[in-house]
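Here is how names work: the chains are called A, B, and so on, in the same order as the sequence lines, proteins then strands, and each is numbered from 1.
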2 protein chains.
Amino acid sequence: MGVRAQQKEKTRRALVDAAFNQLSAERSFSSLSLREVAREAGIAPTSFYRHFKDMNELGLTMVDEGGLTLRQMMRKGRQRAEAGGSVIRISVDTFMEVLESNPNVFRILLHERSGTSAAFRAAVEREIEHFISELAHYTEAQANRTPLLARAQAEALVILVFNAGASALDLKRSERKALADQLVLQLRMVATGAEALQQKMDNRT
Amino acid sequence: MGVRAQQKEKTRRALVDAAFNQLSAERSFSSLSLREVAREAGIAPTSFYRHFKDMNELGLTMVDEGGLTLRQMMRKGRQRAEAGGSVIRISVDTFMEVLESNPNVFRILLHERSGTSAAFRAAVEREIEHFISELAHYTEAQANRTPLLARAQAEALVILVFNAGASALDLKRSERKALADQLVLQLRMVATGAEALQQKMDNRT
DNA sequence: AAGTTGAGCGTACATTTGTACGCTAATTTA
DNA sequence: TAAATTAGCGTACAAATGTACGCTCAACTT
């Protein structure tokens, strides 16, 4: 890659990073202005357009990138689970760690999920869908579920986890433990219930 | 109430209604400006301050009012359930009807739940908490659950319902049916799972 | 070596925003 | 009836925003 393209990429990164860094509990992506992001990235407002058509395009980039980061981290965590132990417990712990080290990635996903732009909502939904279908396949194979049931179960699990994540963002580390415990309990409910419903269906044939 | 106070109340209502009416899939409360709301309500921007300290105060009013509306409607729907039939099915159907007739009430709750103001998040959480504890008491009595289990179960149920509501907002009426069906399935999973876990606990003593 | 490209800049402008201030006129109080 | 209160208005202003336009000069192409 030429010097020029390299520099361009660097500036683009600076923009994305600047935007991520400005997110917080008090600041959502949609409340960021183009000028603020440019300022934080150390470039002139008008230079922004050399990289993104508008803030929307930057935001979508962030959602995609964030979702990817999350999935990679969760996948890495899942490898730990293969060593044995409760899949649920280990997944929840991994999730909480990921949350703690990437709060802003989470914030943009959570907020824009119920956001004001259809494109954003769709993008977030796509990311969540990745989690759901990965999990559904896993359960379908592992626990011998009907696709329909596996899907419903996986979706319920993911929703509960994401929701707990949203709550966790507002909590101190000490309070998160209790949250995690309750989440584990809820996930077990779903898993147990799905199993029971599956059995009932199997017996009926 | 004097003529004066009456007129004031009327204008206040006009402001609240104006704000609600401007909400849509493309427009969140936090993206509304004070001037827009005043314009829609037919008053001068500066007159806004005769009724609310700032937009934040208006928003909190809307959350409280919206939450109340929702709870009243759900309660009315629950009376239908007493006539017999699946509690879960009837509740879900009621919920979907409420959603359809008050989409904007829902929008503000859903959006501000993951919003940028701690006060808003707390207010929404308070409203959701109402639902959860009402439901937890119901299950505790009805199904003889441990408080801890009842709470976890109720929370899971409410989260799944609200989440489905968020998805439903983006769907056509025809597509909502499938969503409702899956939601029912998920709620049954939780209920069945909670029951199983409760049994297991009871047997252990 | 000469010519082309394009990332980044500065200037400029029209819009929109929140809100301070002081007035008016109708209602309420005394 | 006289005085006090106050909802609503119009004017005004500083701040911020998105973005059009044209320039520069380093990097790349030919």
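The CG atom of B/Asn56 sits 16 Å away from the C1' atom of C/dT19 (whole-angstrom rounding). Rounded to whole Å, atom C1' of C/dA7 lies 18 Å from atom CZ of A/Arg13. Rounded to whole angstrom, the span from the CD1 atom of B/Ile43 across to the P atom of D/dC9 amounts to 6 Å.
For B/Ser33, no side-chain nitrogen or oxygen approaches OP1 or OP2 of C/dT16 to under 4.0 Å. A/Arg39 has no side-chain polar atom (N or O) that falls below the 4.0 Å cut-off from OP1 or OP2 of C/dC9.
Side-chain contact between A/Thr11 and A/Arg50: absent, with no pair of heavy atoms (C-beta onward) separated by less than 4.5 Å.
Minimum atom distance to the side chain of B/Ser47 is reached by D/dC9, of the listed D/dC9, C/dA7, D/dG18. The listed nucleotides are D/dG8, C/dA7, C/dT17; the one nearest the side chain of B/His51 is D/dG8.
Within a 6.0 Å radius of CG in A/Asn144, other residues, nucleotides and ligands contribute 12 heavy atoms or fewer.
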In B/S/- notation (B base, S sugar-phosphate only, - none; protein heavy atoms under 4.0 Å), nucleotides 19-30 of chain D written 5' to 3' is BBB----BBS--
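Applying the salt bridge (Lys or Arg N to Asp or Glu O under 4.0 Å) rule to B/Arg35 yields no partners; only residues at least two apart in sequence or on another chain are considered.
Residue B/Lys8 is the one, among A/Leu32 and B/Lys8, whose nearest nucleotide of DNA chain D lies closer to the 5' end (criterion: closest heavy atom).
The aromatic rings of B/Phe95 and B/Phe106 stand perpendicular to each other, their planes meeting at an angle above 60°, with 30° marking the opposite boundary.
Between B/Glu82 and B/Lys76, no side-chain nitrogen of the basic residue sits less than 4.0 Å from a carboxylate oxygen of the acidic one, so the salt-bridge criterion is not met.
Of the N and O atoms on the side chains of A/Thr94 and A/Arg80, at least one donor lies less than 3.5 Å from an acceptor on the other residue.
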